[in-house]
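Presented below is the structure to which this report refers.
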Amino acid sequence: MSRHARPQRILLLTGVYLLAVILGVGSAWLWLTRVGISGVDAGAWRVNLLAGSQDADAYTRARIALGAVLALGRSETLYYTTDHDDLGDSLRAECRYRIEGLPPPARWWSVTAYAADHFLFPNDQKRYSVNGETVTLDDAGRFSATIGPPADESRGDPAWIPTAGRGGMRLTLRLYGASESVQRAPGSLAVPSIRRVGECP
Amino acid sequence: MNPKPLNWTRHLLRVSVVVVLMHGLTIWAVPRLIMDRIIDLGTADSSLERANGVTLPPPTDHTQRRIVMPSPDLLYATCFFDLADGPIRVTLSTDYPRYWSIALYASTSDNFFVVNDRSAPEGRVDLTILPSSHDAATSKVQHHGTQVVISPTRRGMLLMRLLVNEDPAVRVSAEAARRSIRCSRDARRSAAV
């Protein structure tokens, strides 16, 4: 009995410490991939003020590296992101959404659609974003754009971002050279609304 | 002889320490591993066009799957540097009329420097990137005439962004602008060391 006790004990302790390593790495990975990034909310959007910054804490730095590596600091660019619409429902690539709002007060802005893997949706028209140059403003000075699977009316429409496949989707609103008031209070931005149009297939 | 019974309290304490350490190590390592991979792949990729020490990736589309969340409205140029062999000199002279910026990233993924078309209104950039081991005051004298930038890490990368659209004239102008950037070992390194 005693001759086997020591190897069994070593095996048991090895297993326990291996489990501790898995638990440590796994909990970090879950935190990075499942817990939403911290930041300031504006409507359905969230902006992280420490993206790209040397002042970022370790968790923010790791999350940014995973989801938006090589981001610029807030004085250069503000990145508002969301994975849900105004009602809080998850954005889906197979659904159609209407984005509407006032052009953000920035030198240049864009809204880009990304698949759940954070890469661009494939489409033969190579249309992945809308921006101040591609949208037209209505009489009230508001723009509108559509994001969703391609349809007959989408071909040739510069304000339509075609999606592909099924699954999650993420939108990023980039503000290059945002006005000083927005840089000071990014949560005060009148962000574009995100509304689902029709039923999802 | 029976072995001594296990001291589970002591082991529980040790296990907790291991969990916390591995958690922290993972959080610390993720950005560094990602940046290392970006730098290694970018340095080794022979399929990308290069000029003047700068890599010129093709216009961004859905086939770009190396760096997450690429902006399809920007044309990029990159330079990967290692300061182990001396300072890096970056120069640019452009009259590109739209937004452009040059950002420097440490191997921790931090953006430690940025210059754009408004902060360099004449379209001229002349930087010398030095490792943090250099004395900043002395380096400024030794690299007189250039803007000295201290990199917090030995390895890093430069990323130039140029705002483009579908207008062919804009594309041609942006292409010329990114080809005017130079990123190379500083010829005056002997004076700097």
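Chain identifiers are assigned alphabetically (A, B, ...) following the order of the sequence lines, protein sequences preceding nucleic acid strands; residue numbering begins at 1 within each chain. What's counted below: heavy atoms across the whole structure, side chains too, no hydrogens, waters or symmetry copies.
Interface residue A:A68: backbone and side-chain heavy atoms are both found under 4.5 Å from chain B. For B:L74, the part lying under 4.5 angstrom from a heavy atom of chain A is the side chain only. Only the side chain of B:P152 has a heavy atom closer than 4.5 Å to any heavy atom of chain A. The contact between A:R174 and chain B is made entirely by side chain atoms (from C-beta outward), counting heavy-atom distances below 4.5 Å. Looking at B:L33, neither its backbone nor its side chain comes within 4.5 Å of chain A, counting heavy atoms on both sides. Of the two parts of B:L159, only the side chain, counted from C-beta on, holds a non-hydrogen atom closer than 4.5 Å to a non-hydrogen atom of chain A. Interface remark: B:T60 contributes backbone and side-chain atoms alike to the contact with chain A (heavy atom separation under 4.5 Å). Interface residue A:L66: backbone and side-chain heavy atoms are both found under 4.5 Å from chain B. If you measure heavy-atom distances from B:V15 to chain A, the contacts under 4.5 Å come from both the backbone and the side chain. Of the two parts of B:I67, the backbone and the side chain both hold a non-hydrogen atom closer than 4.5 Å to a non-hydrogen atom of chain A. Contacts of B:F112 with chain A are made by both backbone and side-chain atoms, with heavy-atom separations under 4.5 Å. Neither the backbone nor the side chain of B:D167 comes within contact range of chain A, judged by heavy atoms closer than 4.5 Å. Interface residue A:L13: only side-chain heavy atoms are found under 4.5 Å from chain B.
Summarising the geometry, atom CD belonging to A:Q54 is positioned 7.5 Å from atom OG1 belonging to B:T108; distances are rounded to the nearest 0.5 Å. Atoms CD1 and OG, from A:I64 and B:S109 in turn, are 8.5 Å apart once rounded to the nearest 0.5 Å. Taking CG from A:N131 and CG from B:L163, the interatomic distance works out to 7.5 Å, rounded to the nearest 0.5 Å. From A:S53, atom OG reaches atom CG of B:D110 across 7.0 Å, with rounding to the nearest 0.5 Å.
Between the side chain of A:Y128 and the backbone N or O of B:S71, no donor-acceptor pair lies under 3.5 Å.
Contacts with chain B (heavy atom to heavy atom, under 4.5 Å) involve these residues of residues 106-126 of chain A, listed by number: A:R107, A:W108, A:S110, A:T112, A:Y114, A:D117, A:H118, A:F119, A:L120, A:F121, A:P122, A:N123, A:K126.
Contact detail for B:N111 and A:A71: the closest heavy-atom pair is CB-O, 3.9 Å. In plain terms, the two heavy atoms of B:V30 and A:A62 that are nearest each other are CG1-O, 3.9 Å. A:T81 approaches B:M69 most closely through the heavy-atom pair CG2-CE, 4.3 Å. Annotation for A:A20 and B:V18: closest pair CB-CG1, 3.7 Å, computed over non-hydrogen atoms.
A:L70 is listed as a side-chain neighbour of B:M35, based on a closest heavy-atom distance under 4.5 Å. Side-chain contact between B:R161 and A:Y176: present, with at least one pair of heavy atoms (C-beta onward) separated by less than 4.5 Å. Considering only heavy atoms from C-beta on, A:E76 comes within 4.5 Å of B:N116 through its side chain.
Between B:H11 and A:Y17, the ring planes are perpendicular. Angles over 60° get that label, and only those under 30° would be called parallel.
For the set A:G67, A:G177, A:G73, A:S75, the entry with the most heavy-atom pairs within less than 4.5 Å of chain B is A:G67. Of all the listed residues (B:M157, B:R98, B:R32), the one sharing the greatest number of non-hydrogen pairs under 4.5 Å with chain A is B:R98. Counting heavy-atom pairs under 4.5 Å between each of B:P31, B:S119, B:A106 and chain A puts B:P31 at the top. When B:Q64, B:R118, B:R14 are compared by the number of non-hydrogen pairs under 4.5 Å with chain A, B:R118 comes out ahead. By number of non-hydrogen pairs under 4.5 angstrom with chain B, the leading residue of A:V69, A:T172, A:L23 is A:V69.
Surrounding CG of B:N165 are more than 12 heavy atoms belonging to other residues, nucleotides or ligands, all under 6.0 Å away. More than 12 heavy atoms of other residues, nucleotides or ligands sit less than 6.0 Å from atom CZ of B:R66. Residue-environment remark: CZ (B:R37) stays at or below the threshold of 12 foreign heavy atoms within 6.0 Å.
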